[in-house]
Amino acid sequence: MAKRKVILTGDRPTGPLHIGHYFGSLTNRVRMQDEYETLVMVADVQALTDNWQNPGKVAENVHEVALDNLAAGLDPAKATLFIQSQIPQIAELTVFFANLVTVNELRRNPTIKSEVEQKRELFGAEGESLTYGFLGYPVSQSADILFCRANSVPVGADQLPVIELTREIAQKFNKLYGKKVFPVPEAKLSEAPRILGLDGNAKMSKSLNNAIYLKDTPEETTEKIKTAKTDSEPVIGYDPEKRPEVSNLVLMYALSKGMTPQDALAELGNVNYSTFKPVLAEALNRHLEPLRERRRALAANPDAVRQVLADGLKKATRKARSTMRLVRKAMHIAY
Ligand code: TRP
């Protein structure tokens, strides 16, 4: 049998995962696990690059993110789920890769630039408190991807510049050290349109209190939808440019029913918000019911989740060791 291609992706455990993660990336990776050798990382080391003052928060969410992935259908028999900090080879590779990237490249990286801007509180308006760790997280993420020699990386569009850096590092490494150690991985963008926050903000996020979590109860979900922002038009519509908030709700309905927003709109008809919102809540809750059921069962059995992570660690470690053998040889440090 031909060797299956490897994909690696991950989530920062800074909060439980929400329906933006779910429709945007979890469903995608769950679909891919049949075709690819799939590795999913709980990126706790990366979460610490902007939460170093809050290690407790990161630790708490490692388990939540693992639960969310498993509840969404990630199957431990097919995929490898593991915790980033338990693979020291990733940190080791980060050090070697650091020589292949200039500080200016990192400063110019659009992902870093926009995140530093969003985090004025943490890094100051001029970025004068930007840490070495945060500036360098794309290098560490390249190590996340390359430690298992992944061929492809399912991510959101905001991550493309980081994947581009990973490609450059892989090519540079191979060229410099004269061995074809790393594949040049490709980004795999999710096709689903991005879900906005319930307030119309570009992202669902915990700090903005505008997210529906996979772990929310149906009642909490219904309540959040009830208070979600709309606009002053009398009926629903789908026009993400002109009516972002309402279009976002229609999109959530469409994704819950597995249809396009246009078809969803045709099915719903010209209804007002107070008619539409309960219909949306019902559709979303129904769609999430099996996931939430699995989540409840898993949450009641923490040992089973620990076992999944322990098995994942074993499998990921095997990959890390064989990559490091190649790296050490290529870099003339296999003493
Ligand atoms: N940076 C990603 C995010 O914020 C999370 C992540 C960490 C990741 N390591 C990764 C994604 C490796 C893909 C591959 O969503």
Side-chain angles (χ1 to χ4, degrees), residues 5-26 28-29 32-33 36-51 58 61-62 64-66 68-69 72 74 79-87 89-91 93-94 97 106 109-116 118-119 122 133-167 169-170 182-190 192 194-195 202-207 211 312 316 319-320 323:
K5 296 235 176 205
V6 177
I7 63 171
L8 176 127
T9 191
D11 312 289
R12 296 182 189 191
T14 53
L17 300 184
H18 52 60
I19 60 168
H21 295 115
Y22 172 71
F23 288 119
S25 62
L26 295 190
N28 210 14
R29 70 182 68 155
M32 291 173 89
Q33 69 185 344
Y36 294 86
E37 180 175 0
T38 301
L39 290 96
V40 176
M41 151 189 298
V42 184
D44 60 340
V45 176
Q46 187 173 113
L48 286 167
T49 62
D50 57 350
N51 287 280
V58 174
N61 286 302
V62 167
E64 299 290 338
V65 167
D68 287 328
N69 271 284
L74 197 78
T80 302
L81 179 66
F82 68 100
I83 302 172
Q84 183 186 15
S85 62
Q86 294 190 322
I87 305 289
Q89 291 89 346
I90 293 176
L93 265 188
T94 303
F97 289 169
L106 291 170
N109 187 291
T111 308
I112 289 287
K113 261 181 133 165
S114 76
E115 288 183 1
V116 171
Q118 286 160 22
K119 292 177 199 299
L122 199 55
F134 191 85
L135 180 67
Y137 99 69
V139 183
S140 161
Q141 187 162 327
S142 300
D144 295 347
I145 295 165
L146 294 174
F147 96 88
C148 61
R149 282 170 283 155
N151 305 100
S152 159
V153 192
V155 279
D158 58 319
Q159 294 284 306
L160 283 179
V162 177
I163 310 306
E164 188 48 41
L165 183 83
T166 307
R167 295 168 58 82
I169 288 177
F182 295 113
V184 180
E186 288 183 5
K188 224 180 184 89
L189 281 183
S190 132
R194 189 184 200 109
I195 293 198
K203 254 188 182 176
M204 286 195 164
S205 99
K206 189 151 200 162
S207 51
K319 290 212 160 271
T323 298

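Remember, it's a predicted structure, so these values are computed and weren't measured experimentally. As the structure lists them, so they are numbered: ligands from 1, and atoms in each ligand from 1.
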For D144, check salt bridge (charged side-chain N to carboxylate O under 4.0 Å, His left out) against everything at least two apart and list the hits. none

Do V155 and S25 have side-chain heavy atoms sitting under 4.5 Å apart? no

Pair F147 + F82: ring centers closer than 6.0 Å: yes

Test of understanding: with side chain to side chain donor-acceptor pair (under 3.5 Å), list the residues that count as partners of Q159, not counting sequence neighbours. Q141

With sequence neighbours left out, write down each residue that passes side-chain contact (heavy atoms from CB on, under 4.5 Å) with T94, or none if nothing qualifies. I90, V139, S140, A143

Give one line per pair: atom of ligand 1, protein atom, distance. Only N/O to N/O under 3.5 Å.
unit_1, atom_1, unit_2, atom_2, d
ligand 1, 1 (N), Q46, OE1, 2.7
ligand 1, 1 (N), Q141, OE1, 2.9
ligand 1, 1 (N), Q159, OE1, 3.0
ligand 1, 4 (O), R12, NE, 3.2
ligand 1, 9 (N), D144, OD2, 2.8

Tell me whether the count of non-hydrogen atoms from other residues, nucleotides or ligands lying under 6.0 Å of NZ in K119 goes above 12. yes

